[in-house]
Amino acid sequence: MSEARFAHAINRSLDDAMARDPSVVLLGEDIANAGGIFAVTRGLLDKYGPDRVIDMPIAENAIAGMAVGLALGGYRPVIEIMFMDFMTLTMDAVVNQAAKLHFMFGGQGAVPMVVRTQHGGGLNAGPQHSQCLEAWFAHIPGLKVVVPAALDDAYALLQSAIDDPNPVIFIENKALYAVKGELSDTPEPVPLGKARIARSGSDVTIVSYGAMVHKALDAAETLAGEGIDAEVIDLRTVQPWDEAAVLASLSHTHRLVVAHEAVEAFGVGAEIAARMAHVGFDELDGPIVRVGGAFMPVPFGRTLEVEYMPGAAQIVAAARATYD
């Protein structure tokens, strides 16, 4: 184990994937010489050269379209879309092409590409650089959606995403990049679609992913002081999500909170709540409560953004509400 930052875990995962597989290539805006806007790809140009670490123009549709072609041609492209907000410009290539081609080719073709992108607030980046849009892509058959919270998971899930034969949207919360933690010398493999128990508990299940997992853990500590023992489930993968793990937790806590930074309306929490209300109805001793962002654009101002973003206090209040 060694101390590292979340961004370093991503960098090391890309480095190791490129070292073992020459078909892995990186494309994105300013990812080569500059190492990306958050320095996640720093140093990779020097190791692998401009044929494998490729700076692209500010044209997200072209980046995604080139990646689809490369994937069909035998490469494993990993592209970076600088800020998830600009995934809007990739939608034809990602949603209409990459997600559909395996199906349209009758299973005879694959599109092994990864789209790395950043979401989330906390940096006062405003309404066009802070959105959490994972629910959009989780809604599309043919796409997998990954949102890691822990350093080892960031490394291992990116390895699994690169190895996957079809497209994966790999989402990194900007607020996590500078977070320090322990990174294993050889992180254990993590398959896509497998949740982890971030904290065991017996009284209420809190399901989350990405940066909100850390806020859920903070909420769990507060609840413990009130005599409520919370279990925190880190989904890790939003699509496919680990329904069995959530149901297993609900079967012994009998209460459920789902928390995410994305807008609450029509979000990932709505899907989980609907499924658990159906398959876990007999296990519930209280209402399922969701925590999410307000239905508005992310504000620029620091104090306004703090008020906008859901945090540990809202999760604590939601857990209490499951006893109402």
Side-chain angles (χ1 to χ4, degrees), residues 10-38 40-118 133 136-137 140-146 154-172 192 237 239:
I10 301 292
N11 179 280
R12 197 177 113 191
S13 189
L14 291 170
D15 190 356
D16 288 352
M18 296 181 78
R20 66 180 166 81
D21 186 349
S23 73
V24 177
V25 296
L26 311 184
L27 299 86
E29 299 162 5
D30 291 334
I31 66 163
N33 289 308
I37 190 170
F38 296 103
V40 175
T41 55
R42 184 173 292 169
L44 298 180
L45 174 65
D46 293 338
K47 293 187 73 170
Y48 300 104
D51 291 335
R52 295 185 66 194
V53 183
I54 305 167
D55 269 337
M56 296 290 290
I58 302 174
E60 288 82 0
N61 56 340
I63 298 170
M66 182 177 289
V68 174
L70 285 167
L72 290 171
Y75 290 89
R76 290 185 177 272
V78 180
I79 69 172
E80 179 178 329
I81 299 299
M82 191 188 296
F83 301 106
M84 191 171 199
D85 313 69
F86 304 115
M87 288 295 293
T88 52
L89 300 166
T90 72
M91 294 299 271
D92 183 56
V94 172
V95 172
N96 286 333
Q97 305 301 327
K100 306 292 191 296
L101 291 176
H102 182 73
F103 176 80
M104 294 174 70
F105 293 164
Q108 298 180 76
V111 190
M113 61 180 277
V114 175
V115 182
R116 288 184 48 246
T117 191
Q118 306 94 11
L133 303 176
W136 288 11
F137 299 95
I140 303 300
L143 296 179
K144 296 183 176 73
V145 181
V146 177
Y155 176 96
L157 287 167
L158 185 52
Q159 294 285 305
S160 294
I162 292 170
D163 289 341
D164 197 277
N166 277 294
V168 179
I169 312 298
F170 193 91
I171 304 168
E172 303 153 17
L192 303 186
T237 303
Q239 179 63 270

**Q.** Of all pairs that satisfy side-chain hydrogen bond (donor to acceptor under 3.5 Å, both in side chains), the ones with a partner from residues 77-94, not counting sequence neighbours
**A.** E80-R116, E80-Q118, D85-Q131, D92-N96

**Q.** ring pair (Phe, Tyr, Trp, His ring centres under 6.0 Å) involving Y48 - partner list, sequence neighbours excluded
**A.** none

Q.
Determine whether D30 and I37 satisfy the following criterion, side-chain contact (heavy atoms from CB on, under 4.5 Å), listing intermediate values before the conclusion.
A. CA-CA 7 Å; D30 291 334; I37 190 170; over 6 Å; no

Q | By salt bridge (charged side-chain N to carboxylate O under 4.0 Å, His left out) - contacts of K100 (at least two apart) | A | none

Q: With sequence neighbours left out, write down each residue that passes side chain to side chain contact (heavy atoms under 4.5 Å, CB included) with M56, or none if nothing qualifies.
A: L27, I54, I63, M66

Q.
As a quick check of understanding, evaluate side-chain contact (heavy atoms from CB on, under 4.5 Å) for F105 and L72, giving each step before the final call.
A. CA-CA 11 Å; F105 293 164; L72 290 171; 3.9 Å; yes

(Q) Which residues pass the side chain to side chain contact (heavy atoms under 4.5 Å, CB included) test with A98, not counting sequence neighbours? (A) V68, V111, M113, P167

Q) Are L26 and R52 side-chain neighbours, meaning at least one heavy-atom pair lies under 4.5 Å? A) no

Q) Do V115 and F137 have side-chain heavy atoms sitting under 4.5 Å apart? A) no

Q | Shortest non-hydrogen contact between N61 and L89, atoms and distance | A | CB-O, 3.1 Å

Q: Taking atom OH of Y75 as the centre, report whether more than 12 heavy atoms of other residues, nucleotides or ligands fall under 6.0 Å from it.
A: no

(Q) Per the salt bridge (charged side-chain N to carboxylate O under 4.0 Å, His left out) rule, what does the pair list look like for residues 57-76, sequence neighbours excluded? (A) D21-R76

